[in-house]
S.K.: 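Structure in C-alpha cells, see below.
So that the names make sense, note that chain A is the first sequence line, chain B the second, and so on, each numbered from 1.
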Amino acid sequence: MHYDFRKIEKDWQDFWAKNETFKAENNSDKPKYYVLDMFPYPSGAGLHVGHPLGYIASDIYARYKRHKGFNVLHPQGYDSFGLPAEQYAIQTGQHPAITTEANIKTYRRQLDQLGFSFDWSREVRTSDPQYYKWTQWIFIQLFNSWYNKTSDKAEAIDSLVAIFEAEGNVNVQAVCDEDIAQFSAADWKAFSAKEKQEILLKYRLTYLAESEVNWCPALGTVLANDEIVNGVSERGGHPVVRKKMTQWSMRITAYAQRLLDGLNTVDWPQPLKDSQTNWIGRSEGAEVEFALKGSEHKIAVFTTRPDTIFGVSFMTLAPEHELVTKITTPEQKAEVEAYIEATAKRSERERMADVKTISGVFTGAYAEHPFTKEPIPVWIGDYVLAGYGTGAVMSVPCGDQRDYDFAKHFNIPIPNIFEGVDISEEAFADKATTVIANSDFLNGLGYKEATSKAIAELEKLGVGTGKVNYRLRDAVFSRQRYWGEPFPVYYVDGMPQMIAAEYLPIKLPEVDKYLPTETGEPPLGNAAVWAWDTEKNEVVANDKIDNKTVFPLELNTMPGWAGSSQYFNRYMDPHNENEIFSKEAIDYWQDVDLYIGGSEHATGHLLYSRFWQKFMFDLGLVPKDEFAKKLINQGMITGTSAFVYKVAYEVSTIVDGGYDEKEISDFQSKVISDNPVFVSKNVRDKIVSCDKAEFKNLTESVKQVTNRIGEKLTEKFPKTQVEIRLWTGRSFDMPLHADVSFVNASDELDVEAFKNWREEYKNAQFITEEDGTFKVSREVEKMSKSKYNVVNPDAICEEYGADSLRLYEMFLGPLEQSKPWNTAGITGVHSFLKKLWRLYHSGPEGAFEVSEAEPSKDSYKTLHKTIKKVEEDIENFSFNTSVSTFMIAVNELSSQKCNSRAVLEPMAILVSPYAPHIAEELWSKLGHEGSIATVAFPKFEEKYLVESSKEYPVSFNGKMRFKLELPLDLSKDEIEAAVMAHEKTQQQLQGRTPKKVIVVPGKIVNIVG
RNA sequence: GCUCGAGUGGUGGAAUUGGUAGACACGUUGGACUUAAAAUCCAAUGGACAUUAGUCCGUACGGGUUCAAGUCCCGUCUCGAGUACCA
C-alpha cells in the first residue's frame, strides 16, 4: 500500500465538507477559542506559496486547540471590495462583481485543496449587501455619536443636544472641530434647523467637512495617509497633491490616547506596537499664545520645549496658515504672496525630496514675547506644516536644529539660553543635560523643572497651557470610487441625512461607466437610479428628484478599510439579519484569541479596527475594547529567482557593400536577438574573474553561432563582410530571469524547456559546465510575476500533496521571519511523510499492520519526548522545530522497528494539526470511526523520560575533550573523582594539577588548569 | 536622520535560565539495489593541518565579564522593515 496522497487528501477534504467537521457552535460547554486570519483580497492572480503561510500556522493552532478540548471558531472570508476589480472594470466594462466572484471561486478552490479547517458556513464578503448593510449601520451609529471627554467615551448625539438646550456649548468637554463659536442655550434654541445640523456636524464622530486631502489625479480619488508611499500612491505610484474637498471624516483623534493606552493590554509584536505608537505620535508640551504688536490677532503655537521660551528669536507660520494674509504688512505683501504661490505649486513629493533647501519670507509683523515683551519677527516657512499642531512654531534656534538652520540662513539672532553649551556650530537639543540660563525665572533649572515652571507662569498670565498633541489626523472616509460601500446618506438642502437602519442595505447602483463623470463627480454620478424617496423609503430614479420628498444620494463610497474594521465580530453571528451580531454570540466568543496576518496592516486596518472596536465598546455592543488578544505577523516568503547570463556580442560591418545602412543594421540586430548565447554560471564566474583561458574557450564556443550569423548575412547581403566581437569587461553579459520551474534542485536549467519558453530563445546556444549541465545563478527577491519566481501551490499539491506543502512551509523557518522559498527542499518533508506512512504499513508488501504488543522502553521515550516538544513548540508558535521533532521521532521509531498501536495512535494525533489528511487516513485505518479532529491530545508522562545516567561532556579550560557516561545520582564529589580517575583526564593534564574542577551535576564537567 | 529587527556551514535553519555549536532537512560526494531511470536504503560532509592518534581555527568585526559566551556588557560594520521637516 503506497502513500497515495492525492486520493487521501481528496477523500478527507470531501469528508470534512460533507460532515461540516469544523463547524463551530455558538454555545458549548467547552471553553471557546477564536483563531482568525486576516481575510484576503481575492486578486485575479490567485494564491502563490507565500500567501498561505499564515493560514497554515493558524490552522495548526486551531486544530491543536480542538485536540485540547476547545470549541474553536476559525472562519474565513473575503475583503472583496477593492481597486483591482474596479480598474479591470474600467478597462473592460466587466462588472467588478463578476470578476470578484470568479476570483473568489479560484481562491476557494486553492484554500480547500490545502486542507484548512475553516468553518465555511460563516464566510463573509465585504462586497455582499447582506454584509455591508452592517458596515453602513456602523457608519450611522458613528454619525449619531459624539465624544464626551468628561466620561471619556462616545455617547449618543441626543445627549449633546440635551446639553445644548440646557446650557449651550460653553461647558461641554467634547472632541470636536476647532472653529466652533460659543453659544448659549438661548442661542441654540434660536438657531435654524440647518444651523443646528451644521453645528452638530462639528461634533459627530463621522462628519462632513472641507478638509485638505491627498488627491491622486491619476486614480481620480482621495487616498489615506497609509495609502501613500514616498509621496506617491501605493498602488500605481501616481503623484499625489494636496487639495481641499468636502469629505466624510472619522474622528479617530478622539481615541488617540485610548488607542495608545490599549497597546499595553494586548500581546502584539513590539514592532507593530511601535509603529502604531509613532503613527499616533503623542507629544507633551504647551500651547502658547503670542500677541501681535499692533493687531488684535494672536498666534497660537504648540511647543514641546516651553522651557526654552526665552530663547525665542522669531516665529514661523506655515505658508497656509490663515493669519498670514491678515498680518502681512503692505511692504512685505508681494514677497509673501509670491512665496505662498510657489509653495502651493510644489507637490508634496517635491517638498519631501527637497528637505535641505531652506526657504521662507518675513511677514513684516512682530509678535510680543509673553514675558520679556520684546518684539519677535514673524516669518513664514514651508518647514512648518499646516496640519500639525497649530501650524505655527515659536522658533528657538539654539535648541532646535531646523530653527537654527533657518536663523543662520536669514541672519536672525541666535540667543543662547543654555548653561555652558557652545552653540556656534549647531543647536543643542539634549534634554537630559539641559541647564537653562539667561531666562529670568528659569535660570539654573533642568529641562523638567523648567518646563513645568514655564507652563505654570504662562497659565498665570493666561497665555498658555500644558497640552498633549497628537500627530494622528482624523481619517478621511470618502473615496471617489465605484467598487466600495455606498453611504446610507442623502442630502436635504446640502445637509447630510441618514437613512433609517430598517431600510438598509443601500445597494450599489448600476452604472454604465466606472469612471468619474464628465463634470468630475465620482462614478456613482453615472447612476440613473440613485435618489432617495423619503416617502417610499427606497432608491428611485434621479429624474424624480424634487428636493421635497426625493433627494440626491451621496456619490462617494467608503474606503477599503471600512469593510475590514468589524468583520471579526460579524463572523460570530454572520447570518443575523436583525442585528450586527446577537448578544449571546458576542458574549460567548468575546474577542479574537489569536490573529495572524501581515505587518503591512500595522497603521491601516489594525488601527482603524481598534478604533471601531472601542467605539462599539462605548456603545455597549461588545464586551472588550481590544478585539484581538494576541497577534502574530507572519514573515514574507520571498522567491529564489534564477538568472541565466546572456552573452553580449556585437556585429560590425567591415565592408558594407553599398546596401541601405538601416536595412543591414535592422537585420543584424534581428539576427543577434534570434541567436542568443547563454553561458553557465561557473563558466561565467571564471570569465568575470578575468580567467583568460575561459574567455578564450568562450570565444571558441561562440564561433559556431557567429559563423551562422555571418552566413545569414552573406546570404542576404552577399557583398557584405562582418566581424563579430564579444564584449569584454563588466558588460560582457546580461543577467536575465529564467522561470524557476525550469530549474532543478542542483540549479541546473532544463535547456529544452527554456528554449520553448519564448520564441526568441528557440535558437539559443548554451555554453555549459564541463559536465555538460547548464547552471543558473540564484538570488532572493520578492516573489513576483515579473521576476518569474512565483511558485503556485496548485502544482506543489499535485506533485507532493497538501500535507507536504503544509509541513514544508512550516519547516522553512520561524513564522515571523521572512525567508526564501526553494521548492527543491520539499522532498525532505515529503519523504518524511512516506516514512511515517511506512511505520503503519509494516505488513507484507506494505500492507497496513500495527501490533497490540507493549512498545519498547525506547519507543515510549521517543513518543513522550515528542509529545513534550511538540506541545511546547505549538504553544510558542515555533512550528519549524516541531517538524524537525517529527522527523527525529519517525527516524527513531523506524530504526526501533516500532509498530505498536500504543505508540502509533498518539503519533497520528500529534501529526494531525500539521498534516491532517494523512493523520485522518491513518486514524481510520487504526479502526476509528469519524474524524481525528477532536480526539484528545496525547498526554505527556515524565516517567518515560527519566534517565539513570548521563553522558557528561568533560571540558578542559572550556573545550570539550571527551564524554563520560556516569550515573545521575552521583554527588558532585563522586563525579569529580570519577572524572579525575579517568585515563583521558590524566592524558589531557599531562601531569599538571588542575587549579579548579567545576561540576554541574546533570550538565557538564570543566577542568581548569 | 530616527525607531525596531537581524547577522551561525554551499543552502534553509537548530541550540531552555550562559554549559557538548551546526539538531533536522536540502545540496554535494561515494556506495547498495536496477539493463537503465525514478524511488528507496547506507556512509561521509564547518575550515585548515595530520597516515592514524589528534591538533588548531571557527556563530559579522573589535574589546570585556566568566571556570565556561552564538547567548550577557561596551563599541564598530552590514543587511532588512517602519517612519520622515511632528515644533
Side-chain angles (χ1 to χ4, degrees), chain A residues 2 229-231 269-279 281-283 285 301-305 308 316 318 351-352 354-356 358 381-385 387-396 399-403 405-406 469-472 599-600 602-603 633 635-636 640 744-747 778 780 807-808 811-814 816-829 831-832 834-835 838 872 876 878 880-888 891 951-963 987 994-1000 1002-1009:
Chain A
H2 81 291
V229 178
N230 296 329
Q270 197 55 43
L272 197 158
K273 288 185 182 184
D274 290 345
S275 101
Q276 289 208 351
T277 306
N278 291 336
W279 194 260
R282 181 185 204 272
S283 49
V301 301
F302 175 73
T303 176
T304 53
R305 296 294 304 271
T308 64
T316 318
R351 261 171 89 164
M352 278 213 272
D354 180 28
V355 295
K356 292 279 173 296
I358 296 161
D382 68 0
Y383 80 99
V384 177
L385 305 177
Y388 184 74
T390 61
V393 301
M394 57 173 226
S395 302
V396 182
D400 180 288
Q401 194 57 43
R402 285 155 308 158
D403 295 345
D405 295 340
F406 195 88
N469 202 41
Y470 299 93
R471 196 185 79 118
L472 184 72
S599 56
E600 66 273 21
T603 52
N633 289 131
M636 198 177 44
T640 314
N744 73 7
S746 317
D747 292 347
R778 310 212 81 157
V780 172
L807 280 171
Y808 188 51
F811 186 64
L812 279 179
E816 289 102 324
Q817 248 172 52
S818 101
K819 55 236 158 198
W821 177 271
N822 194 344
T823 304
I826 200 171
T827 53
V829 292
S831 56
F832 154 74
K834 285 196 270 196
K835 277 187 226 164
R838 266 202 307 276
E872 282 169 4
N876 293 320
S878 173
N880 54 327
T881 48
S882 32
V883 180
S884 301
T885 304
F886 288 137
M887 289 174 170
I888 294 167
N891 288 346
E951 197 178 29
Y952 279 92
V954 182
S955 298
F956 291 80
N957 297 318
K959 287 186 179 113
M960 205 277 290
R961 291 306 181 195
F962 65 91
K963 289 174 194 170
Q987 195 183 320
K995 282 193 199 117
K996 210 173 181 184
V997 178
I998 312 273
V999 176
V1000 184
K1003 285 247 152 114
I1004 197 170
V1005 177
N1006 190 15
I1007 297 164
V1008 187

S.K.: Measuring to OP1 and OP2 of B/rC67, would you say a side-chain N or O of A/Lys996 lies under 4.0 angstrom away?
M.R.: yes
S.K.: Parallel, tilted or perpendicular: which fits the ring planes of A/Phe832 and A/Phe886, with parallel below 30° and perpendicular above 60°?
M.R.: parallel
S.K.: Does A/Lys835 reach the main-chain N or O of A/Asn891 with its side chain, forming a donor-acceptor pair under 3.5 Å?
M.R.: no
S.K.: Can you identify which nucleotide, out of B/rA25, B/rA87, B/rA14, has its nearest atom closest to the A/Thr881 side chain?
M.R.: B/rA14
S.K.: From the options B/rU40, B/rC56, B/rU3, select the nucleotide whose nearest atom is closest to the side chain of A/Asp274.
M.R.: B/rU3
S.K.: Measure up the A/Tyr383 and A/Phe406 rings against each other and bin them: parallel (under 30°), tilted (30 to 60°), perpendicular (over 60°).
M.R.: tilted
S.K.: Applying a 4.0 Å non-hydrogen cut-off, can you work out what A/Arg282 is touching in the nucleic acid: base, sugar-phosphate, or nothing?
M.R.: nothing
S.K.: Working to the nearest 0.5 angstrom, can you tell me the gap between A/Gln270 CD and A/Asp274 CG?
M.R.: 4.5 Å
S.K.: Between the base of B/rU20 and the side chain of A/Lys959, is there any donor-acceptor pair under 3.5 Å?
M.R.: no
S.K.: Pick the nucleotide of RNA chain B nearest each of A/Val1005 and A/Ile826; which residue has the one closer to the 5' end?
M.R.: A/Val1005
S.K.: Which nucleotide in the set B/rA68, B/rA87, B/rA23 lies at the smallest distance from any side-chain heavy atom of A/Thr304?
M.R.: B/rA87
S.K.: Once you apply a heavy-atom cut-off of 4.0 Å, does A/Thr277 come out as touching a base, just sugar-phosphate, or nothing?
M.R.: nothing
S.K.: Could you measure between the two P atoms, the one in B/rA14 and the one in B/rA60, and give it in whole Å?
M.R.: 15 Å
S.K.: Any base atoms under 4.0 Å from A/Ile888, or only sugar-phosphate, or nothing? Heavy atoms, all strands.
M.R.: sugar-phosphate
S.K.: Does A/Ser283 make a side-chain N or O approach to OP1 or OP2 of B/rA87 shorter than 4.0 Å?
M.R.: yes
S.K.: Could you tell me how far B/rG9 sits from B/rC57 if I compare only their C1' atoms? Round to whole Å.
M.R.: 14 Å
S.K.: So A/Val1008, base contact, sugar-phosphate only, or nothing? Heavy-atom distance under 4.0 Å.
M.R.: sugar-phosphate
S.K.: Between B/rG13, B/rC26, B/rC67, which nucleotide gets closest to the side-chain atoms of A/Ala824?
M.R.: B/rC26
S.K.: Can you see whether A/Ser275 engages A/Thr603 through a side-chain donor-acceptor pair at a distance of less than 3.5 angstrom?
M.R.: no
S.K.: Just call it for A/Asn1006: base, sugar-phosphate, or nothing, with non-hydrogen atoms closer than 4.0 Å on any strand.
M.R.: base
S.K.: Give a yes/no on whether any side-chain N or O of A/Asn880 is located under 4.0 angstrom from OP1 or OP2 of B/rA14.
M.R.: yes
S.K.: Roughly, in whole Å, what's the span from CD in A/Gln401 to P in B/rA87?
M.R.: 15 Å
S.K.: B/rG82, B/rU17, B/rC85: which one has an atom nearest the side-chain heavy atoms of A/Asp382?
M.R.: B/rC85
S.K.: Taking CD1 from A/Ile1004 and C1' from B/rU16, how many angstroms apart are they, rounded to a whole number?
M.R.: 15 Å
S.K.: What contact category does A/Asn957 fall into here, base, sugar-phosphate, or nothing, at under 4.0 angstrom with non-hydrogen atoms?
M.R.: nothing
S.K.: For the side chain of A/Pro271, counting heavy atoms from C-beta on, which of B/rA15, B/rC4, B/rG12 is nearest?
M.R.: B/rC4
S.K.: So what stems show up for RNA chain B if we need 3 or more Watson-Crick or G-U pairs in a row, all under 3.5 Å?
M.R.: B:1-7 with B:77-83, B:10-12 with B:24-26, B:27-32 with B:40-45, B:46-49 with B:54-57, B:60-64 with B:72-76
S.K.: Does A/Arg838 make a side-chain N or O approach to OP1 or OP2 of B/rC41 shorter than 4.0 Å?
M.R.: yes
S.K.: Which nucleotide sits closest to the side chain of A/Phe811: B/rA87, B/rU17, B/rA25?
M.R.: B/rA25
S.K.: It should be established whether A/Arg471 places a side-chain nitrogen or oxygen under 4.0 Å from OP1 or OP2 of nucleotide B/rA84.
M.R.: yes
S.K.: Indicate whether OP1 or OP2 belonging to B/rG27 is found under 4.0 Å from a side-chain N or O atom of A/Arg778.
M.R.: no
S.K.: Under 4.0 Å between a side-chain N or O of A/Lys834 and OP1 or OP2 of B/rA39?
M.R.: no
S.K.: As a test of reading the structure: which of B/rC24, B/rG13, B/rG19 is closest to the side chain of A/Ser884, going by heavy atoms?
M.R.: B/rC24
S.K.: How should the glycosidic conformation of B/rG5 be described, syn or anti, under the criterion that syn lies within 90° of 0?
M.R.: anti
S.K.: Which is true for A/Lys835 with a 4.0 Å heavy-atom rule: it touches a base, it touches only sugar-phosphate, or it touches nothing?
M.R.: sugar-phosphate
S.K.: Do any side-chain nitrogens or oxygens of A/Asn278 fall under 4.0 Å of OP1 or OP2 in B/rC86?
M.R.: no
S.K.: Nearest to the side chain of A/Ser831, heavy atoms from C-beta on, is which of B/rC41, B/rA21, B/rU40?
M.R.: B/rU40
